[in-house]
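If you read the sequence from its start, that first residue is 1, and numbering goes on from there.
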Amino acid sequence: MVKWEPFRSITEQWTGLHNIMEDLNKIENPILSDDQLEEINQVLAEALQNKKRVYLTYYKNDQCIAETCMIHMINLHNKNLYYIDDVFEFKNELPLSEVLDFKFV
């Protein structure tokens, strides 16, 4: 059985509505204060040293994304953060400039 989808009957209408819905979810990149940057630095150092899990929030593609992960390494030369996510256990790379917040789980 195919479910009736009234907005998909006209492709141009569906495309327009889809674009509007995507635009509603977009946000601008937040600017962090010096206190926030210092707190991020402290939590990051402790999480890296003690191998603690953190709740990472970062900005990507006009959205704030949050996930639980374990910090693997920080490359200060390239200004990248390497972390292992809890869901798929993949090693991910993230520019430090996109990090918004760290909290301990």
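Grouping the Ile, Leu, Val, Met, Phe, Trp and Tyr side chains by contacts below 4.5 angstrom, directly or via other members, places F90 with V87. Residue M70 is not grouped with residue I74 when hydrophobic side chains (ILVMFWY) are merged at heavy-atom distances under 4.5 angstrom, including chains of intermediate members. Grouping the Ile, Leu, Val, Met, Phe, Trp and Tyr side chains by contacts below 4.5 angstrom, directly or via other members, places V105 apart from Y83. A continuous path of Ile, Leu, Val, Met, Phe, Trp and Tyr side chains, each step under 4.5 Å between heavy atoms, connects L76 with Y58, placing both in one hydrophobic cluster.
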Working note: L32 + D101, criterion side-chain contact (heavy atoms from CB on, under 4.5 Å); need CA distance, chi angles, decisive distance, verdict. CA-CA 9 Å; L32 301 176; D101 194 20; over 6 Å; no

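The cationic group of K91 lies under 6.0 Å from the six-membered ring centre of Y82 and within 45° of the ring axis, placing it in a cation-pi geometry.
Once rounded to the nearest 0.5 Å, the distance linking NZ of K60 with CG of L94 reads 7.0 Å. Summarising the geometry, atom CD belonging to E39 is positioned 13.0 Å from atom CG belonging to D34; distances are rounded to the nearest 0.5 Å. In this structure, CG in N29 is found 8.0 Å from SG in C64, a value given to the nearest 0.5 Å. A distance of 8.5 Å separates CD1 in I65 from CD in E98, rounded to the nearest 0.5 Å. Taken from NZ in K26 to CE in M21, the straight-line distance is 13.5 Å, to the nearest 0.5 Å.
With contacts defined as side-chain heavy-atom distances shorter than 4.5 Å, the pair T68/V54 does not qualify. Looking only at side-chain heavy atoms (C-beta outward), V43 and K103 stay at 4.5 Å or farther from each other. The closest side-chain heavy-atom distance from L96 to N80 is not below 4.5 Å.
With hydrogens and angles ignored, the 3.5 Å screen pairs a side-chain donor or acceptor of N75 with a backbone N or O of H77. One N or O on the side chain of Y59 and one on the backbone of I27 form a donor-acceptor pair closer than 3.5 Å.
Environment of CG in N61: sparse, with no more than 12 heavy atoms of neighbouring residues, nucleotides or ligands closer than 6.0 Å.
The two residues V99 and F102 come nearest to each other via the heavy atoms CG1-CE1, 3.5 Å. Listed here is the closest heavy atom pair of C69 and L56: SG-CB, 3.8 Å. Residues I31 and Q36 share a closest heavy-atom pair of O-OE1, 4.2 Å. What you find for I40 and L100 is that their closest heavy atoms are CD1-O, 3.3 Å.
No hydrogens or angles considered: nothing links the side chains of E67 and Y55 as a donor-acceptor pair under 3.5 Å.
Using a 4.0 Å cut-off between charged side-chain N and carboxylate O, E46 and K52 make a salt bridge.
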